[in-house]
Amino acid sequence: MSTRTSWADLAANSAAENATAGSSSANNGPVGTASAPPSRSTYVPPHLRNRPAVSDAPAPAYSGPVSNNDRPGYGGSRWSGGPRNDSGRSGYSGGGGRGGWGGGRSGGWDRGRDREVNPFADDDVTTEEAFTEQENSGINFDAYEDIPVETSGDNVPPPVNTFAEIDLGDALNQNIRRCKYVKPTPVQRHAIPISLGGRDLMACAQTGSGKTAAFCFPIISGIMRGESVQRPPRGARTVYPLALILSPTRELSMQIHEEARKFSYQTGVKVVVAYGGAPIHQQLRELERGVDILVATPGRLVDLLERARVSLQMIRYLALDEADRMLDMGFEPQIRKIVEQMDMPPPGERQTMLFSATFPKEIQRLASDFLANYIFLAVGRVGSSTDLIVQRVEFVHESDKRSHLMDLLHAQRANGTQGKQALTLVFVETKKGADSLEHWLCMNGFPATTIHGDRTQQEREQALRSFKSGNTPILVATDVAARGLDIPHVAHVVNFDLPNDIDDYVHRIGRTGRAGKTGLATAFFNENNSSMARSLSELMQESNQEVPAWLSRYAARSSFGGGRNRRSGGRFGGRDFRREGSFNRGGSDYYGGGNSSGGYGASSGGYGGGYGASSGVTSAWD
DNA sequence: AAAAAAC
């Protein structure tokens, strides 16, 4: 019998208690009722766990409703009167609340509560003064106002307009406030009620749209409600997370983990991350201290499963982030193994959220296999590649690239648009190329670092930290950094080598223009990129960018096939193929003659550029 | 063709 318990164990004893918790429990638990008898004396509701004994809360000073925001629409009022503190909350009164967890049960991970590091700690001190505008929110709300959203499926729960109208619980609400999220983004407005309603979700949305919060909030809230968790029968060193979040790259997993830790701060919900390239022992130790939400890359998770250090038997929530990317990277066997061939409860008995930028057939199949009666949600592209990013294409011969880059960097330096607050991200094609360019930049007086798959994980993380902090304001990267990573203050993305796929281009330039800031994207184009001419010039036209005449000529000359994914139409990454009435597991070609389906039609005023009405498989959005 | 990902 294990003494290492997490919430699952604790909650097992509380099933009966929770059964009386009210209507909410009816919505949530796909898992059956627990058989364990209630045991009031030991149960600790998660929101009471992990709490400092007295009022010396390590929470950061939160000095009022969001004030660094000049939008009149959402000041502090949503939070009904600004900051509250624990002692003012009903239902939890200082020492009185301690009874639950104060004594008794040893071995619950709550013994580690003193060690819960304040995940908000670095946010405020260093950056707040320098960047007051919308720091942490990571979201440019203006750009989100007019985003078209499409949902389909049976009984779609209506979207919400504020966090306040969703019952996420006090602890989570506080964290939302600490994160300075004042208003849900479109994907959150729709996805959160869907997930809270216990439904499976297939969502086409980009990173930076608030996706992480969209799947984390319902998971955390659901775990905190915590009904019906059975105690795992296996003992020994196996841990039983309640939620699993899979993502394609290590850095993305780290990033999700960091965000999830903020959302779950002082909720008692424990988030652990596991990825390759790092010594496994530390991760094992973390796991042994208890895990409710496991964030992982597929390879390392398979390893952990094969070692029987993790069991998926208790999984109630499964989220797959960047699913199309994971398939691109060849993770399908691992993912299927994890989801279908281990001990994870089947669809219907768990809640599954599948996020993907695009919705090609492979993802449709995954959706059919992993989801049960799901709701399809497509969120249109945010203006990031249209409104906020200025795209430039310059004709640069291969041999001139370095000196041309140097010109740009010198100009930036002269401008003052370089340094801590104006980072430059340079994408190259190969790992070797990344190393040699980094070296060359350093030799020429531009502090640079690099991130790619040949570096050790430690080096990768160090590089990212150094870049983010502004110590080395230039980062040379391969596509490992193209998707999903949210690095604030990237002012300039240089496509030193253009990718061969327009979707990759869109992902790359999406690293700038984030958090409400404008960004610049410069691409070096030459005859080697002629296959991209057409799709690139189309994309630029669509996003109201100035297309150089020479590029248009190139585009006209280069026949079709430009970019293996010619970008064609569609505000969304995809549509709910079930609506086409041709759903069939063998994979009928739903995209054949598709046209925009109803619902939003031409009504999306303000939506940048507008897309053609041609059928489209893809639109790359993180 | 290159990139990513477990040991």
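The chains referred to below are lettered A, B, ... by the order of the sequence lines, with proteins before strands, and numbering in each begins at 1. Computed over heavy atoms, backbone and side chain alike; hydrogens, waters and symmetry mates excluded.
Residue A:Y275 places its side chain closer to B:dA6 than to any other of B:dA6, B:dA5, B:dA3. Out of B:dA6, B:dA1, B:dA4, the shortest distance to the side chain of A:D303 is found at B:dA6. Of all nucleotides listed (B:dA6, B:dA3, B:dA1), B:dA6 comes nearest to the side chain of A:T297. Listed candidates were B:dA2, B:dA3, B:dA5. Nearest to the side chain of A:E251 is B:dA5.
If you measure from atom CE of A:M326 to atom C1' of B:dA4, you get 13 Å, rounded to the nearest angstrom. At whole-Å resolution of the value, CG in A:D479 and C1' in B:dA1 are 12 Å apart. The separation between A:L437 atom CG and B:dA2 atom C1' is 17 Å, rounded to whole Å. Summarising the geometry, the separation between CE on A:M254 and P on B:dA5 is reported as 12 Å, rounded to the nearest angstrom. Atom OH of A:Y505 is separated from atom P of B:dA3 by 21 Å (rounded to the nearest Å). Spacing between atom CG of A:L327 and atom C1' of B:dA4 amounts to 13 Å, rounded to whole angstrom units. Note: CG (A:L246) to P (B:dA6) measures 11 Å, nearest angstrom. Between the CG atom of A:L498 and the C1' atom of B:dA1 there is a distance of 15 Å, given to the nearest Å.
Contacts of A:A434 with the nucleic acid, taken as non-hydrogen atoms under 4.0 Å apart, are absent. A:R460 comes within 4.0 angstrom of sugar-phosphate atoms only, judged by non-hydrogen atoms across all strands, and of no base. In this structure, A:V480 reaches the sugar-phosphate backbone alone: every heavy-atom distance under 4.0 Å involves primed, P, OP1 or OP2 atoms, never a base. In this structure, A:Q334 reaches neither bases nor backbone, as no heavy-atom distance under 4.0 Å exists between it and the strands shown. Within the nucleic acid shown, A:G330 has no heavy atom closer than 4.0 Å to any nucleic acid atom.
For A:D454, the salt bridge (charged side-chain N to carboxylate O under 4.0 Å, His left out) criterion is met by A:K431, not counting sequence neighbours. Contacts of A:A214 classified as side chain to side chain contact (heavy atoms under 4.5 Å, CB included), with partners at least two apart in sequence or in another chain: A:V187, A:Q188, A:A191.
Put simply, A:R250 has a side-chain N or O that comes within less than 4.0 Å of OP1 or OP2 on B:dA6. Here A:K432 does not reach the OP1 or OP2 of B:dA2: none of its side-chain N or O atoms lies under 4.0 Å away. Put simply, A:R455 has no side-chain N or O that comes within less than 4.0 Å of OP1 or OP2 on B:dA5. Contact between the side-chain N/O atoms of A:T478 and the OP1/OP2 oxygens of B:dA4 is found at a separation under 4.0 Å.
Side chain of A:Q334 to main chain of A:V302: no donor-acceptor pair is present (N/O by atom type, distance under 3.5 Å, no hydrogens or angles).
Between A:E438 and A:R455, no side-chain nitrogen of the basic residue sits less than 4.0 Å from a carboxylate oxygen of the acidic one, so the salt-bridge criterion is not met. A salt bridge is absent between A:E349 and A:R316; no separation between the charged side-chain nitrogens and carboxylate oxygens falls under 4.0 Å.
A:F359 is listed as a side-chain neighbour of A:M202, based on a closest heavy-atom distance under 4.5 Å.
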